[in-house]
Amino acid sequence: MKITFFSTKPYDKEFFDKVNQDFNFELEYFETHLGPHILNVIEHSDAVCAFVNDTLNAEVLESLSKKGVKYIALRCAGFNNVDLEAAKRLGMRVCRVPAYSPEAVAEHAMAMILTLNRKTHKAYNRVREQNFSLNGLMGFNLYQKTIGVIGTGNIGAAFAKIAKGFGTKILAYDVAESQELKGLGIEYVSLDKLLSESDIISLHCPLMEATHHLINKDSISKMKENVMLINTSRGGLVDTKAVIDGLKSKHIGYLGIDVYEQEEKLFFRDLSHTIIEDDTIQRLMSFPNVLVTAHQAFFTEEALHQIATSTLSSLSHFDKNETFENLNAVLV
Ligand code: NAD
């Protein structure tokens, strides 16, 4: 089987080449994003392996199908960038990596909280400049604070367990409640209650119609003054303009984002020598209480190994028409 990869970076190639020693597929790598502009490079491929910012709308899927591509493998958990209805109609199979390392993302969310709170990024630079003053570095104890977790699937549950270890009270909101988390003393509440009682809110639900701009002017107005908002899920969950207004009015006291609505034009690239035309991200980065990381929450050795293993296993299952042990990996 020949698999064509898009949006590949050196680390993808390293992990996939290593894991492929057990599969012996033909792997072809392109650095560019997948979209209508690049379809001409695909020749004799059985499968396309795509990432979070690749475009897999009906137009792209139809062209891929005409070229003989039968399988789409997403090397990520989210699948908001794929038109699953179109894939079904075209008889294509689509898989994803549902839970490669929930802890990787959950730990990054906690890292963002600790950085924003204790300002270790500022302290690091200060001390290197021989400035040993503490002015402006004061944080707050997480102990006994209330953390709201929106979406308690694999990542939200891992995050709630980590947060619980800090002695916090956890409020959870999800359309499906986890008995395991309830058993750990985590309380499910309405979204409004979570918004109004949490000192820190962390987003872990998928991006879909129902969750698009879940954080907007109205939901921000229900939050506590000086709330900390963390988004490691998908940029589209947050109305960025409303969040900027919340930061300007000081209603939002801290913002940590690993994802951004317009990230496909920015993230995963070195743009240090270019002029950034996106004024919204520039405004966000100008706040001293905003921390932006470029979709790196998943980026651990363990996660990359698991992503490569799961993706190639799923494609092998498709090819041999085998049943999947983890049905969550199959989208179509
Ligand atoms: P999951 O499917 O295990 O969990 C998602 C949870 O959200 C489920 O419990 C589901 O019931 C809940 N949910 C669905 N609709 C909801 C709604 N309207 N309101 C509240 N909750 C709702 O997924 P996961 O593995 O935990 O991943 C969560 C998200 O994290 C993914 O969709 C993806 O977008 C994002 N993610 C980000 C990174 C990163 O590197 N930043 C990496 C992996 C995943």
Side-chain angles (χ1 to χ4, degrees), residues 7 9 11-12 50-54 74-82 84 94-113 148-163 170-182 186 188-195 198 201-216 219 229-238 256-261 263-264 266-268 291-304 306-307 310-311 326-331:
S7 303
K9 300 289 175 198
Y11 44 81
D12 293 311
F51 197 48
V52 290
N53 293 323
D54 287 319
L74 298 167
R75 53 181 192 280
C76 53
F79 51 90
N80 50 287
N81 53 337
V82 190
L84 294 179
V94 184
C95 61
R96 63 167 179 151
V97 188
Y100 43 86
S101 177
E103 289 75 20
V105 182
E107 288 172 15
H108 190 79
M110 182 49 81
M112 296 193 99
I113 292 172
V149 184
I150 301 184
T152 54
N154 291 305
I155 297 171
F159 173 77
K161 288 177 201 165
I162 292 169
I170 312 279
L171 297 179
Y173 170 73
D174 196 310
V175 288
E177 301 186 354
S178 152
Q179 292 311 318
E180 189 205 348
L181 290 189
K182 279 179 156 177
I186 286 164
Y188 278 89
V189 294
S190 68
L191 182 58
D192 277 1
K193 186 170 159 76
L194 182 148
L195 294 173
S198 300
I201 296 172
S202 194
L203 305 178
H204 300 288
C205 57
L207 175 61
M208 46 175 74
E209 222 172 296
T211 58
H212 180 251
H213 286 187
L214 184 78
I215 303 302
N216 53 39
S219 48
L229 179 65
I230 304 292
N231 186 9
T232 55
S233 192
R234 283 291 180 266
L237 296 177
V238 170
I257 54 169
D258 185 52
V259 286
Y260 169 61
E261 215 170 356
E263 70 177 48
E264 68 279 2
L266 302 167
F267 287 8
F268 306 118
L291 177 65
V292 181
T293 54
H295 210 134
Q296 75 172 78
F298 74 99
F299 199 53
T300 66
E301 267 183 49
E302 292 81 355
L304 287 184
Q306 183 53 30
I307 287 169
S310 169
T311 303
N326 184 355
L327 283 176
N328 283 332
V330 187
L331 296 168

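Ligands are counted one by one from 1 in listed order, and the atoms in each one are counted from 1 as well. Numbers for residues simply follow the sequence, beginning at 1.
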Below 4.0 angstrom from a heavy atom of A297, which ligand 1 atoms are there? Numbered from 1 as shown, please.
39 (C), 40 (O), 41 (N)
Can you check which of P98, G156, S178, P206 brings a heavy atom nearest to atom 7 (O) of ligand 1?
P206
Using 30° and 60° as the class boundaries, would you call the ring planes of F298 and Y100 parallel, tilted or perpendicular?
perpendicular
Greater than 12 external heavy atoms within 6.0 Å of E177's CD:
yes
Closest protein heavy atom (residue, atom, distance) for atom 30 (O) of ligand 1
S233 OG, 3.4 Å
Nearest non-hydrogen partners of Y173 and V189, listed with the distance:
CD1-O, 3.5 Å
Any side-chain to backbone donor/acceptor pair from R96 onto C76? Under 3.5 Å, distance only.
no
Could you check atom 19 (N) of ligand 1 against the protein and tell me its nearest heavy-atom contact, residue, atom and distance included?
Y173 CE2, 3.5 Å
Heavy-atom gap Y100 to ligand 1 smaller than 4.0 Å:
yes
Just to be sure I read this right, does ligand 1 sit under 4.0 Å from the backbone of T152, its side chain, both, or neither, counting only heavy atoms?
backbone
Enumerate the atoms of ligand 1 whose separation from the nearest heavy atom of V175 is less than 4.0 angstrom.
11 (O), 13 (N), 14 (C), 15 (N), 16 (C), 17 (C), 18 (N), 21 (N), 22 (C)
Please name the residue in the list H295, E263, E264 that meets the side chain to side chain donor-acceptor pair (under 3.5 Å) test with N53.
E263
I'd like to check atom 2 (O) of ligand 1 in this structure: does the protein have a heavy atom lying under 4.0 Å from it?
no
Restricting to non-hydrogen atoms, name the atom on I186 and the atom on A160 that form the minimum distance, rounded to 0.1 Å.
CD1-CB, 3.7 Å
Quick test of your reading of the structure: of A106, A176, A158, C205, whose heavy atom lies closest to atom 22 (C) of ligand 1?
C205
Is there a salt bridge (charged side-chain N to carboxylate O under 4.0 Å, His left out) between E180 and K161 once you walk through the steps?
CA-CA 11 Å; E180 189 205 348; K161 288 177 201 165; 3.0 Å; yes
Could you work out, for atom 4 (O) of ligand 1, the closest of P102, G236, S101, G153 by heavy-atom distance?
G153
Among D258, V52, T232, V105, closest by any non-hydrogen atom to atom 37 (C) of ligand 1
T232
Any idea which protein heavy atom is nearest atom 23 (O) of ligand 1, and the distance to it?
N154 N, 4.6 Å
Counting only heavy atoms closer than 4.0 Å, does ligand 1 sit against the backbone of D174, its side chain, both, or neither?
both
Could you tell me, atom by atom, which parts of ligand 1 come under 4.0 Å of a heavy atom of T211?
17 (C), 18 (N)
Hey, which atoms in ligand 1 end up nearer than 4.0 Å to a heavy atom of F298?
40 (O)
Any idea which protein heavy atom is nearest atom 28 (C) of ligand 1, and the distance to it?
H204 O, 3.4 Å
Which residue in the set L214, I201, L171 passes side chain to side chain contact (heavy atoms under 4.5 Å, CB included) when paired with L195?
I201
Counterpart residues, salt bridge (Lys or Arg N to Asp or Glu O under 4.0 Å), relative to K9 (two or more places apart)
none
How far is atom 36 (N) of ligand 1 from its nearest protein heavy atom, and which residue and atom name does that atom have?
R234 NH1, 3.8 Å
Distance from atom 26 (O) of ligand 1 to nearest protein heavy atom, with residue and atom
I155 N, 2.8 Å
Distance col, row L207:CG vs H212:NE2, nearest 0.5 angstrom, shows 6.5 Å
Taking A104's backbone N and O only, do any of them form a donor-acceptor pair with S101's side chain (distance below 3.5 Å, no angle check)?
yes
